[in-house]
Amino acid sequence: MDLNNVVKIPIGPQHPCLKEPACFTVSLNGERLAGLDLRLGYNHRGIEKAAESRTYIQNIYLIERVCGICSHSHPSCYIQCVEQIAGLEVPARGRYLRSLIGELERVHSHLLWLGVAAYEIGFETLLMYSWRDREVVMDILAMLTGNRVNYAANVIGGANRDITEDHKKDILKAVDVLEERTKYYIEVATEEATLIARLSNVGYISLDDVKLMGTAGPTARASGLDYDVRRDDPYAAYKDIPFKVITDTHCDVYGRALVRVGELMESYKMIRHIIQNIPDGPIAVKAPRKIPAGEAISRYEAPRGEDVHYVRSNGTDKPERVRVRAPTMVNLLSVPKMLEGDNLADVPITIAAIDPCFSCTDRAIRVSDLDGGNAKVMTWNETRRFGIDWYRKNGIDFTDLNKRLAGRMR
Amino acid sequence: MKKPGKMLSEMFKNVAKAPATTSYPFTKAEMPKDFRGQIVFTSENCIGCNICVRDCPAAAICITKQGEEKIFGAYFDLDVCIYCAQCVLSCPKKALSVSPNFELAQLTRSGFRVVFPAKPKPPKVDGDKPAEGQVAPTTSA
């Protein structure tokens, strides 16, 4: 590699191929990638710290907003921790309801991914149709939980809302429609020549590398790793629900697409099984407001991969520490490996193929002096002041704009 | 078997179909029955326990006491409300309920404060139990 010819191009923090801010600095040798440097932290919202000053009940809604797409996975995972510490046994119907919403969420997330991936490769017809079909499952989620996103379907000790016979009929009807559509998408994915040509051998990562980097979810399963938390460490009602773990040996973006559409078909089967076999009884047990001292870790198979939460309690009604590890964190690490030797044009689809969510991922931040390497802690007001001064120093002053905006708001 | 143009037939099928989108402001959007829209407060049922205020993740509720008697009003700041309906779940006397009203945009910030004035309680039937008939959620679209 001739180092004199290496050109560095920043992709992000604001870039058309990214839906959320993250910075990928790409080193290019001609059209080929010579290296990739990843920088996160543009979406840090201080959720873990905020969780320490809220009660366990309030935290359900805060943790739910870690991610808009996995808005059932994160609170479920957090609540599993709290229930484990408090020693609560969720009734069978509550566990089934959790699995039901979890699978509906997976359906909507994978259909969304299919659209995003199609968009990244310029196949906008597929984007439009898959997002139109996604509305079917969004309507079902709105009907069951009262919200299209951020369902708040959980309470500590069980589920929030019960389903009725009418709901069951509507869900089965919607699943029939979606299954037929997904069969068509599988046909498209396996027969459409342009799609196969564009996705094959892009973003290749071998099984050994997947194991080395700890890659999770459909990204890992597309490289042949036969691992799924729902089967290997069952939570909610997954112990009673038969399903197949979809794996693929393509190891590239095409394999990841096949795994996701395959998982859609499994999800429909699971939803039907849940509807037919959901036991009667209470949906939740009463939970205490104060959780006894203790700590717990729990895992959850989110649509994007394995989600891990840790909660430490100290006997009050507020947790002492909440830690969220989203699947994107581990999957991002494998992106530089996937892109080794690929073209610049493959960067957007390879990043999109891990189904990244940077808001999920941005958890901790450490401000350090680049010269001395000394860590520095800033209060909120200091950080604000620092930002204003930094922009002023660079010739940007928001004072007038702020005044104008404030005048308009009144 | 690889062949290009797999989606062409689908496209042609959709040429003759009506659009999947709706022309929203002109055709009314219908929300499901239990949609988590604006919260409605029934003053007659409120006992002023303030559990909703304590549980609200967004600090959007304030329960106000009127005079010396146990009559309570409430106001909601809809600009900070996250429509999670935890208050409805927490309320022990069903003084709060969800309504499917989702068209809540305002031109001024002050318009987001929704005030429910305190109303005197209906005559008691037996003991401290509030009348169950007051509970019905408002279903005005």
Check your understanding: Okay, side chain of B:R36, backbone of A:T145: is any donor-acceptor separation there less than 3.5 Å?
Key -> yes
Check your understanding: If you look at every heavy atom in B:D34 and A:R161, which pair is closest and at what distance?
Key -> O-NH1, 2.8 Å
Check your understanding: Checking heavy atoms, do the side chain of A:I196, its backbone, both or neither come under 4.5 Å from chain B?
Key -> side chain
Check your understanding: Taking everything shown except B:M31 itself, do over 12 heavy atoms lie less than 6.0 Å from its CE?
Key -> yes
Review point. Checking heavy atoms, do the side chain of A:Y184, its backbone, both or neither come under 4.5 Å from chain B?
Key: side chain
**Study point:** Interface moiety of B:P32 toward chain A, non-hydrogen atoms closer than 4.5 Å
**Key:** side chain
Review point. What do you reckon, is NZ of A:K49 surrounded by more than 12 foreign heavy atoms closer than 6.0 Å?
Key: no
**Study point:** Within-4.5 Å side-chain heavy-atom neighbours: A:T194 and B:K6
**Key:** no
Point to revise | Nearest-0.5 Å distance that lies between atom CG in B:D55 and atom OH in A:Y56 | key: 14.5 Å
Point to revise | Between CD1 on residue A:I60 and SG on residue B:C84, distance to nearest 0.5 Å | key: 9.0 Å
Study note, to complete from the structure: For B:F35 and A:G146 the tightest heavy-atom approach is CD1-O, 3.3 Å
Review point. Going by heavy atoms in the side chains, are A:R289 and B:I51 under 4.5 Å from each other?
Key: yes
Review point. Hey, does A:Y129 have a side-chain heavy atom less than 4.5 Å from the side chain of B:M11?
Key: yes
Check your understanding: Around B:K70, counting heavy atoms of other residues, nucleotides and ligands shown, do more than 12 lie under 6.0 Å from its NZ?
Key -> no
Review point. Do the charged groups of B:E10 and A:R132 touch, with an N to O distance under 4.0 Å?
Key: yes
Practice item. Please say whether more than 12 non-hydrogen atoms of neighbouring residues, nucleotides or ligands are located less than 6.0 Å from OH in B:Y24. Key: yes
Review point. Is it the backbone or the side chain of B:I82 that comes under 4.5 Å from a heavy atom of chain A, or both, or neither?
Key: both
**Study point:** A:L144, part contacting chain B, at a heavy-atom distance under 4.5 Å
**Key:** neither
Check your understanding: Which heavy atom in B:R54 sits nearest to a heavy atom in A:Q58, and how many Å separate them?
Key -> O-NE2, 3.0 Å
Check your understanding: Shortest non-hydrogen contact from B:P4 to A:A193?
Key -> N-CB, 4.0 Å
Practice item. Between chain B and each of A:D139, A:V155, A:T125, A:N160, count heavy-atom pairs under 4.5 Å; write down the option with the most. Key: A:N160
Exercise for review: State plainly whether the residues A:E191 and B:K2 are in salt-bridge range, i.e. N to O under 4.0 Å.
Suggested key: no
Check your understanding: Would A:D166 and B:K33 count as a salt bridge (charged side-chain N to carboxylate O under 4.0 Å, His left out) if you check the C-alpha gap in whole Å, the side-chain angles of each, and the deciding distance to 0.1 Å?
Key -> CA-CA 12 Å; A:D166 288 346; B:K33 205 172 92 250; over 6 Å; no
Practice item. Output the option from A:E64, A:R65, A:E135, A:R54 having the highest count of non-hydrogen pairs under 4.5 Å with chain B. Key: A:R65
